[in-house]
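Structure first, then comments.
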Amino acid sequence: MARLRPIYLDYHSTTPADHRVAAVVAREMAENFGNPQSDDHVFGTWAASAIEAAAEHLALLIGGKSSQVRFTSGATSAVEAVFAQFAEVRSRIKHSKLRVGISAVEHTAVLSSCARARSAGEFDLVEFRVDGRGRIDLDHLAEKCRDGLDVVCVMFANNEVGNIFPVQHISSIAHEHGAIFITDATQAVGKIPINMQDQEIDILICSAHKFYGPKGVGAVVVRSGLPFTPIHSSGTPNVAGVAGMGEAARLRVLERDQDEQRVGELRDRLQELLVESIAGVVVNGDLKNRLAGNLHFSVPDIPNKAVVARIRDRLALSTGSACRSGIEAPSHVLMAMGLPTPQAEGAFRLGLGKFTTPDEVEEAADILKEAISSTRGSLRQ
Ligand code: PLP
């Protein structure tokens with residue numbers, strides 16, 4: 001049967017909201033519409049309670065404290081607020097630059113915030129190396145921590161190759177050397193178990209639209225006892241969005257493990273189909289530690305954009321390449337991994353999620369197989 005819309009396999013970019021989440025957002029907008037800052041009537045109290053309840057659901061999902069949750073307008077604004085606060089702390093209590101270490105494969109939100117602070121003379125920045133599979137070089141990280149770092153920032157899971165990083169190990173190295181440990185857990189929250197207290201995460205950042213919640217809502221969560229207040233929200237908060245994030249978190253607590261199990265099986269099936277039917281496929285990333293919904297592969301003799309042009313109305317995926325100064329460049333993640341140029345230029349990121357079906361997987365494999373084979377054919381002519 002012909003599909004009305006392309007098959008969606010770009011769940012790292014964003015996820016469709018769960019209908020139960022959308023129902024909560026609609027209810028909060030139309031019925032529980034009060035301003036949480038209005039303390040003269042119950043409408044305000046109800047709205048404030050909705051925010052508190054959302055903080056509780058999120059705290060449960062990540063093993064944090066609800067009193068330490070601050071909602072933001074997404075992960076990017078959360079990252080910016082945290083690093084801006086660090087820059088401010090530095091200017092208040094220290095006169096030298098803050099020494100910050102980040103992995104070379106962080107999201108551009110972290111890379112840009114840090115690059116800005118470095119240009120402004122606020123941070124001394126070091127990058128932790130990764131190997132060809134995108135795994136962090138822990139010896140290099142420990143060496144940099146020994147040399148002296150105030151802040152270590154390593155993402156929980158990578159948004160391109162899907163690697164899940166050994167966060168607990170990294171936080172213990174950071175703490176052993178007196179650094180604060182921050183993790184951008186945007187791709188991990190709602191997909192894998194997280195416990196901020198046990199894993200000694202000082203600051204965690206996440207975003208609702210990556211786990212079936214609304215766009216434009218995120219959070220910064222600070223570990224209890226850490227003397228750090230990252231943000232003071234001003235203005236009327238996005239109550240409906242926050243309540244939607246809370247509902248999405250509540251559902252993930254209940255359903256995450258079984259959903260991710262199924263997603264992992266579908267990803268394995270898709271990988272098997274692609275590897276057996278397309279000559280030269282290389283699967284990238286850390287195959288032993290990656291998100292269940294991630295499948296990142298290269299076909300080194302095929303420019304990914306030529307394939308995307310053939311399939312964009314049938315299959316939604318991502319090449320991960322970025323347009324810099326009008327020129328397509330492979331992603332910084334693949335460059336940091338040192339992938340040869342043909343492998344980076346022939347890279348495809350597929351992201352599966354809880355709404356992906358077995359039929360879609362079979363069909364997506366056929367679409368890719370056919371498009372790659374015809375692109376190969378046209379390149380030979
Ligand atoms: N960090 C990571 C790892 C991401 O994958 C993303 C989104 O792609 C972000 C941060 C930015 O999130 P938001 O869209 O909420 O600003």
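Atoms within a ligand are numbered from 1 in the order they appear, just like the ligands themselves.
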Could you find the nearest protein heavy atom to atom 5 (O) of ligand 1 and give me its residue, atom name and distance?
Gln187 NE2, 2.8 Å
For the pair Lys210 (side chain) and Thr14 (backbone), establish whether a donor and an acceptor sit closer than 3.5 Å, ignoring hydrogens and angles.
no
Tell me, which protein residue and heavy-atom name are nearest atom 13 (P) of ligand 1, and how many Å apart are they?
Ala75 N, 3.6 Å
Nitrogen or oxygen of Asp184 less than 3.5 angstrom from that of ligand 1:
yes
Test of understanding: given a 4.0 Å heavy-atom threshold, classify the contact between Ser207 and ligand 1 as side chain, backbone, both, or neither.
side chain
Could you check whether Arg116 pairs with Glu80 (Lys NZ or Arg NE/NH1/NH2 to Asp/Glu carboxylate O, under 4.0 Å)?
yes
Would you mind checking if Asp202 and Arg223 are paired as a salt bridge, meaning a charged N to carboxylate O distance below 4.0 Å?
yes
If we only count N/O pairs under 3.5 Å, is His12 in contact with ligand 1?
no
Which is it for Thr76 and ligand 1 at heavy atoms under 4.0 Å: side chain, backbone, both or neither?
both
Taking the non-hydrogen atoms of Lys210, is any one of them nearer than 4.0 angstrom to ligand 1?
yes
Tell me which part of Lys215 gets within contact of ligand 1: side chain, backbone, both or neither, using heavy atoms under 4.0 Å.
neither
Please find the pair of heavy atoms, one from Ile311 and one from Ala371, that lie closest to each other, and give the distance.
CG2-CB, 3.4 Å
Check whether NZ of the Lys or CZ of the Arg Lys191 lies under 6.0 Å from the centre of the six-membered ring of Phe211 and within 45 degrees of that ring's axis.
no
As an exercise, identify every atom of ligand 1 less than 4.0 angstrom from a heavy atom of Met155.
3 (C)
The closest protein heavy-atom partner of atom 4 (C) of ligand 1 is His107 CD2, 3.2 Å
Is Asn159 close to ligand 1, meaning an N/O of one under 3.5 Å from an N/O of the other?
no
So, are Glu370 and Arg310 salt-bridged, with charged N and O less than 4.0 Å apart?
no
Tell me the protein heavy atom at minimum distance from atom 14 (O) of ligand 1, and give that distance in Å.
His209 NE2, 2.9 Å
Are Phe355 and Tyr212 near enough that their ring centres are under 6.0 Å apart?
yes
Atom indices of ligand 1 within 4.0 angstrom of Gly74 heavy atoms, with elements
15 (O)
Answer yes when Glu255 and Arg20 have at least one side-chain N-carboxylate O distance shorter than 4.0 Å, and no when they do not.
yes
Centroid separation Phe43 to Phe33 less than 6.0 Å:
yes
